[in-house]
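Quick notes on the structure that follows.
Positions are given from 1, in the same order as the sequence printed here.
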Amino acid sequence: MSVRHPNETGIVVIGLGRFGSRLAESLSRLGHEVLAVDRDPVRVQHWSGELDRVVQADSTEEEVLRQLGLADFRRVVVAIGASLEASVLTVLALAELGIEQIWARATSEKHAKILHSVGAHHVVFPEAETGERVAHLIVSRMLDFIEFDDDFAIAKIRVPAPLVGRSLRDVAPQDRYGVMVVGAKRSGQPFRYAGPDTVLTPDSVLIVEGGITQVQRFSALG
């Protein structure tokens, strides 16, 4: 019996329209291997020189995706926007392959509900979310992320496991990690601004600000 070893660093992007291509570029800039899939030969030819690997294929067919090796990837993004049917069938095929994290683009709330029902774990709306922002969310443990032009970001993250039970005075995140913890919210309680005596509990969600790289590293601790 063979053991499946998911590709932990590679990410598949299916659909190379405006949103999908920008997302793929952002993921590449973040240092991740990208396998891009599109059924349009013109798009495939255009992006073949820009991305790691671009293939022309019908993503709605489970066997086609299996032959491309998608079962070995842990994260796949369905960025198809022109065809609701192709989007839904692609997510369904990926779910059948057992992909751990399926991200999918939705064009409406109804579309989002359908995507969730057939197996999508995360649904995004390109009208409200840029490819750069979604790329950061896909490759990190952040719950939300806002990037500013001057290499500055504000993120919502869960408390990193190694810091649970410690106060911000002990952790000293600004000195050690280059980020500032602005606030904390425990389950069932209102948001509170953070201070030196704030204790990081396992059920807390933190609001953190700092340089993009520093925020990513802090969210990935442990």
Side-chain angles (χ1 to χ4, degrees), residues 1-127 129-141:
M1 178 179 176
S2 61
V3 179
R4 177 185 166 193
H5 298 284
N7 187 321
E8 296 290 340
T9 59
I11 301 170
V12 181
V13 176
I14 300 176
L16 287 173
R18 182 179 299 178
F19 175 72
S21 59
R22 289 179 178 175
L23 173 63
E25 286 184 309
S26 296
L27 290 169
S28 292
R29 284 198 300 271
L30 290 171
H32 292 266
E33 172 196 355
V34 176
L35 166 59
V37 181
D38 198 290
R39 67 191 308 170
D40 185 344
V42 175
R43 284 180 177 172
V44 170
Q45 183 176 10
H46 176 78
W47 289 104
S48 60
E50 304 293 330
L51 301 171
D52 299 311
R53 183 182 170 202
V54 185
V55 297
Q56 180 185 355
D58 182 357
S59 61
T60 64
E61 297 290 338
E62 178 186 344
E63 187 54 37
V64 171
L65 299 182
R66 191 182 301 277
Q67 291 175 3
L68 290 176
L70 264 68
D72 295 328
F73 285 82
R74 191 169 67 86
R75 294 169 292 190
V76 179
V77 185
V78 180
I80 299 171
S83 170
L84 187 148
E85 180 182 5
S87 168
V88 172
L89 291 177
T90 298
V91 169
L92 183 60
L94 293 169
E96 292 294 325
L97 287 179
I99 303 300
E100 292 181 30
Q101 289 188 32
I102 302 173
W103 294 68
R105 167 188 179 170
T107 55
S108 67
E109 290 293 340
K110 184 177 180 180
H111 186 190
K113 289 181 180 179
I114 296 172
L115 292 171
H116 277 303
S117 70
V118 297
H121 304 106
H122 308 274
V123 173
V124 297
F125 292 86
E127 291 74 14
E129 302 178 84
T130 66
E132 184 79 21
R133 177 176 178 275
V134 174
H136 281 289
L137 293 176
I138 290 172
V139 302
S140 73
R141 298 180 182 178

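- For Q45, the CD atom counts as loosely surrounded, since its 6.0 Å shell holds 12 or fewer non-hydrogen atoms of other residues, nucleotides or ligands.
- Looking at V124 and F19, their side chains come closer than 4.5 Å, going by heavy atoms from C-beta outward.
- Nearest heavy-atom pair, S87 versus R105, reported as atom, atom and distance to 0.1 Å: OG-O, 4.1 Å.
- Heavy atoms only, all atoms of each residue included: A86 and T90 are closest at O-OG1, 2.7 Å.
- Of all heavy-atom pairs spanning A57 and L68, the tightest one is CB-CD1, 3.8 Å.
- In this structure the side chain of L70 reaches within 4.5 angstrom of the side chain of L35, judged on heavy atoms.
- Residues L65 and S59 form a side-chain contact, since some pair of their non-hydrogen atoms from C-beta on lies under 4.5 Å apart.
- Counting only heavy atoms from C-beta outward, the side chains of S28 and E25 never approach each other to under 4.5 Å.
- Checking side-chain atoms of D52 against main-chain N and O of V34 turns up a donor-acceptor pair under 3.5 Å.
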Intermediate values then yes/no, side-chain contact (heavy atoms from CB on, under 4.5 Å), L115 and V88: CA-CA 6 Å; L115 292 171; V88 172; 4.2 Å; yes

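- For the atom pair H32 NE2 and S26 OG, the distance stands at 11.5 Å (nearest 0.5 Å).
- Around CD of E85, the count of heavy atoms belonging to other residues, nucleotides or ligands within 6.0 Å does not exceed 12.
- How far CD of E109 is from CD1 of I114: 12.0 Å, rounded to the nearest 0.5 Å.
- Expressed to the nearest 0.5 Å, how far NE2 of H46 lies from OG of S21 amounts to 7.5 Å.
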- Task: Evaluate side-chain contact (heavy atoms from CB on, under 4.5 Å) for V12 paired with L94, printing each intermediate quantity in order.
- Result: CA-CA 11 Å; V12 181; L94 293 169; over 6 Å; no

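- Remark: R43 CZ is packed, more than 12 non-hydrogen atoms of other residues, nucleotides or ligands lying under 6.0 Å away.
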Worksheet entry | Criterion side-chain contact (heavy atoms from CB on, under 4.5 Å) on I14 and I80, from CA distance to verdict | CA-CA 7 Å; I14 300 176; I80 299 171; 4.0 Å; yes

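- Pairing each heavy atom of A79 with each of G20, the nearest pair is CB-CA, 3.6 Å.
- Closest approach of G119 and I102 over heavy atoms only: O-CD1, 3.7 Å.
- Listed here is the closest heavy atom pair of V123 and A112: CG1-CB, 3.7 Å.
- Interatomic distance, NE2 of H116 versus NE2 of H111, reported as 10.5 Å (0.5 Å rounding).
- Annotation: side chain of L16 is in contact with side chain of L51 (closest heavy-atom distance under 4.5 Å).
- For the pair V76/I11, no side-chain contact is recorded, criterion being any heavy-atom separation below 4.5 Å from C-beta on.
- Annotation: the span from L84 atom CG to K110 atom NZ amounts to 8.5 Å, rounded to 0.5 Å.
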